[in-house]
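Sequence lines set the chain letters: A, B, ... in the order given, protein chains first and strands last, and positions in each chain run from 1.
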Amino acid sequence: MGGSPSGTPRVRFAPSPTGYFHVGSARTALFNWLFARQTGGTFVLRIEDTDTERNREDWVDGILSAMAWLGLDPDEGPYRQSDRVADHHAAVDRLWAAGALYACDCTREQVEARTAGNATPGYDGHCRARGLERGPGRALRFAVPQGGTVVVHDIVRGDVEFPLGAIEDFVVVKSSGQPLFVLANTVDDMAMGITHVIRGEDLLPSTPKGMLIWQALQGPDAALPAFAHLPMLVNEQRKKLSKRRDPVAVESYREQGFLPEAFVNYLALLGWSHPSGRELLDVGELVAAFRLEDVNHSPAFFDVQKLTHLNGEYVRRLDVDAFVGACRPWTTGPGAPWPAERFDEATFRELAPLVQERVDVLGAVPAMVDFVFLDEPPTDEAAWSSVASDPVSADVLDAALAAYAGCAWDAPMLHQATAAVAEQVGRKLGKAQAPVRVAVTGRRVGPPLFESMAVLGRERTLRRLRAARERLAGGVADAAGAAGRDIGERRGAGAGHRDGAGAVSGGRPAAGPVPPDGGA
RNA sequence: GGCCCCAUCGUCUAGUGGCCUAGGACACCACCCUCUCAAGGUGGAGACACGGGUUCGAAUCCCGUUGGGGCUGCCA
């Protein structure tokens, strides 16, 4: 801790552990981190855990693991604000001694009763001249100077002026004796030698309060940090991202199979853009080109569709080994739709390149290859009924059974054999392959069929074709008796997965309790 | 209500007085490619909130209006 003797920037990310790690917090953390990396500065992580009512230790772990996942490694910390309360109290004593504070015993009700209908809302200064002593049950308020303005020199917005008359005598210490956010936050920034405060725009209105405290502690000539207030992240209603309605937990994106590199790339594009206009940017390019003064002023919508597209770009660029590795949580994890012992990575690897360009989130991978690792193919009832209602299906399956019985078992030969089947039934290959695809893979979309059958093997393919043929003979109404597993029951995290018209809708990420913003 | 911020295609943005009949990306539509679905290719539709100024000239500067948002807690 301490100042910045070398003159290099010291920034901090200061989340409070009151919920899942929020995408807005992640963006704030990223911009701090980018700034630090690009200036050779220091990135400090400080957990603001002084609200004992709302903090939980597992949220701290969540913050740490999400940051690690994103690669936002702190140079210092995590510090705990709760470890620094002695420092906060010492600062309070100094402020009290300097006459910057006064004690107040007003209840909320009393204040409301007195100020109802006031032109300027907020505390009315009732206790300011009462000369109350500090003591139990009495809050401490900051005596805001009358008249004049505080101007915040903001790197992204320019100078922002706040008339002091509009700032109430805010509470700095609760009647319980506990210091509040503006106090603790300011004192910590001071103690840690923070030179640049980069945070969400929602904190802009509290900035003059912090500045007042800073100056009361260090004098009017105090070297204040530079401020940079980042535009809010908003939902489709243009409101600040809400943990209630909006999918804001970084962890849920991780679980859906977004890649951290893509997530970081997308986050960087929210409120900033690369001078070249390129959008696919690796972290090195981000660090090299990022400038706080280039940050936009207006709120940005967190567009999952665009994030999903970008993720697809990253997924497709992975080499096969990296892709196979990245898929492991979904292919070998507890959420995999097949029994663990049936999964074989070498087999998966054969299909991987074909899967890779068909998914944009890793969570969609199992549905692309489950037909290989399940004993019976999955059953998409919509797909089956469209096959069942087509009179040609039976002929296709019969012809395919015959054609596949003796042909060489590789994709080109299967292609050729199936083309012959198509010709035999008088259909284009695209139409003719449908019954075979559904019979073999259970789905009407997926990796290329002939490669899929090649991997599945002749034995299993033929067995499935026969089963489908029998089911077809049994009539179209026997769906309930089918052996397959209904796709709808084991739908994994599926946002962004693509399986065509009849597909079951993708799951939405679970929204858990999340702090309003975090990262003071 | 008060204080503050913001305002280019549906979305993210480029644009810092003439290069703008406003560029890119996502999404959307059409076509091509094609064993499904994707990916890829080509093309299309789509925006400077409004009104005043300043200027030879404004998306770009100023003012106002309107609209949106944030804050207004003895939360952070």
Looking for any heavy atom pair under 4.0 Å, which part of the strands does Pro447(A) touch: base, sugar-phosphate only, or nothing? base
Is there a side-chain contact between Lys239(A) and the phosphate of G69(B), meaning an N or O under 4.0 Å from OP1 or OP2? yes
According to side chain to side chain donor-acceptor pair (under 3.5 Å), does anything in residues 264-273 of chain A pair up with another residue at least two apart or in another chain? List the pairs. Asn265(A)-Tyr314(A)
Checking contacts here: which listed nucleotide (C75(B), A27(B), C35(B)) is nearest the side-chain heavy atoms of Leu449(A)? C35(B)
CA sep, side-chain torsions, deciding dist, call: His229(A), Asp202(A), side chain to side chain donor-acceptor pair (under 3.5 Å): CA-CA 8 Å; His229(A) 287 93; Asp202(A) 50 346; over 6 Å; no
Taking atom C1' in both G67(B) and A30(B), compute the distance separating them and give it to the nearest angstrom. 35 Å
Quick check on contacts: within residues 102-109 of chain A, what sits under 4.0 Å from RNA chain B by heavy-atom distance? Cys106(A)
Using purine N1 to pyrimidine N3 plus N6-O4 or O6-N4 for Watson-Crick, or N1-O2 and O6-N3 for G-U wobble, each under 3.5 Å, what pairs with A22(B)? none
For Met232(A) and G69(B), give me the distance from atom CE to atom P, rounded to whole Å. 14 Å
Taking Phe181(A)'s backbone N and O only, do any of them form a donor-acceptor pair with Asn185(A)'s side chain (distance below 3.5 Å, no angle check)? no
Can you tell me, in whole Å, how much space there is between the C1' of U65(B) and that of C9(B)? 24 Å
Taking all non-hydrogen atoms of both residues, which atom of Ala454(A) and which atom of Ala411(A) are closest, and how far apart? CB-N, 4.0 Å
If you apply the rule side chain to side chain donor-acceptor pair (under 3.5 Å), what do you find for His309(A) with Glu313(A), and how did you get there? CA-CA 6 Å; His309(A) 169 83; Glu313(A) 299 273 12; 3.1 Å; yes
Taking any strand in view, what nucleotide pairs with A30(B) in a Watson-Crick or G-U wobble way, both distances under 3.5 Å? U42(B)
Regarding the side chain of Asp202(A), the nearest nucleotide among A27(B), G70(B), C74(B) is G70(B)
Near RNA chain B, which residues from residues 274-281 of chain A have a heavy atom under 4.0 Å away? Glu279(A)
Record whether the side chain of Ser298(A) comes under 3.5 Å of the base of C6(B) through a donor-acceptor pair of N or O atoms. no
Residue-phosphate contact under 4.0 Å: Ser273(A) side-chain N/O, A14(B) OP1/OP2: yes
Quick one: is U13(B) close enough that its OP1 or OP2 comes under 4.0 Å of any side-chain N or O from Asn296(A)? yes
Any idea which of U11(B), G69(B), C3(B) is nearest the Glu201(A) side chain? G69(B)
Begin with the C-alpha distance, continue with both residues' side-chain angles, and end with the deciding distance and a verdict on salt bridge (charged side-chain N to carboxylate O under 4.0 Å, His left out) for Arg444(A) and Asp380(A). CA-CA 8 Å; Arg444(A) 94 181 114 193; Asp380(A) 177 341; 5.2 Å; no
C35(B) - base-pair partner by Watson-Crick or wobble geometry, distances under 3.5 Å: none
Expressed in whole Å, how much space separates the P atoms belonging to A47(B) and U66(B)? 26 Å
Under a 4.5 Å cut-off applied to non-hydrogen side-chain atoms, are Phe302(A) and Arg27(A) in contact? no
In this structure, how many angstroms lie between the C1' atom of C12(B) and the CZ atom of Phe302(A), rounded? 12 Å
Taking only the side-chain heavy atoms of His297(A) (C-beta and beyond), determine which of A7(B), U11(B), C75(B) contains the nearest atom. A7(B)
Using only side-chain N and O atoms of Thr50(A), determine if any of them is under 4.0 Å from OP1 or OP2 of A76(B). yes
Please classify the nucleic acid contact of Glu161(A) as base, sugar-phosphate, or nothing, using heavy-atom distances under 4.0 Å. sugar-phosphate
Distance-only donor-acceptor check, side chains Tyr102(A) and Asp169(A), under 3.5 Å: yes
Nearest-angstrom distance, C1' atom, G1(B) to A14(B): 39 Å
Quote, to the nearest angstrom, the C1' distance that separates G24(B) from G46(B). 14 Å
If I take atom CZ in residue Phe301(A) and atom C1' in nucleotide A25(B), what distance separates them, rounded to the nearest angstrom? 15 Å
C6(B) P sits how many Å from Arg157(A) CZ, rounded? 6 Å
Could you tell me whether His415(A) contacts a base, only the sugar-phosphate backbone, or nothing, with contacts defined as non-hydrogen atoms closer than 4.0 Å? base
Starting at atom CD of Gln237(A), determine the distance to atom P of G10(B), rounded to an integer number of angstrom. 17 Å
Side chain of Phe162(A) (C-beta onward), nearest among A27(B), U13(B), C4(B): C4(B)
Using side chain to side chain donor-acceptor pair (under 3.5 Å), reason through Ser25(A) and Arg199(A) one step at a time and then give a plain yes or no. CA-CA 9 Å; Ser25(A) 302; Arg199(A) 54 176 16 169; over 6 Å; no
For RNA chain B, whose closest nucleotide is more 5', that of Gly271(A) or that of Pro448(A)? Gly271(A)
Result of checking Arg56(A), Arg84(A), Arg54(A), Arg80(A) against Asp49(A) for salt bridge (Lys or Arg N to Asp or Glu O under 4.0 Å): Arg80(A)
Nearest whole Å is fine: how far is C4(B) P from Ile167(A) CD1? 10 Å
What integer number of Å spans the P atoms of A58(B) and G52(B)? 13 Å
Any strand is fair game: report the nucleotide pairing with A7(B) by Watson-Crick or G-U wobble, both distances under 3.5 Å, or none. U66(B)
Rounded off to whole Å, could you give me the NZ-to-P distance for the Lys209(A) and C74(B) pair? 9 Å
Nearest-nucleotide pick for Lys306(A), side chain only, options being C4(B), C26(B), G70(B): C26(B)
Earlier contact from the 5' end, RNA chain B, for Phe450(A) and Glu313(A): Phe450(A)
Would you measure the distance from the P atom in C29(B) across to the matching atom in U55(B) and give it in whole Å? 49 Å
With a 3.5 angstrom cut-off on both distances, give the Watson-Crick or G-U wobble partner of A59(B), or none if there isn't one. none
Check the side chains of Thr308(A) and Asp360(A) for a donor-acceptor pair under 3.5 angstrom, ignoring hydrogens and angles. no
When you get a sec, tell me which of C4(B), C71(B), A76(B) is the closest nucleotide to the side chain of Val160(A)? C4(B)
From CD of Glu168(A) across to P of G2(B) the rounded distance in Å is 16 Å
Any donor-acceptor pair, under 3.5 Å, between the side chain of Glu451(A) and the base of C35(B), if you only look at N and O atoms? yes
When you measure only distances, ignoring hydrogens and angles, does the side chain of Arg238(A) come within 3.5 Å of the base of U11(B) through a donor and an acceptor? no
Asn235(A) and Asp246(A): side chain donor to acceptor below 3.5 Å: yes
Using ring centroids (six-membered ring only for Trp), state whether Tyr123(A) and Phe170(A) fall under 6.0 Å. no
Could you work out the separation of U16(B) and G23(B) based on their P atoms and round it to a whole Å? 14 Å
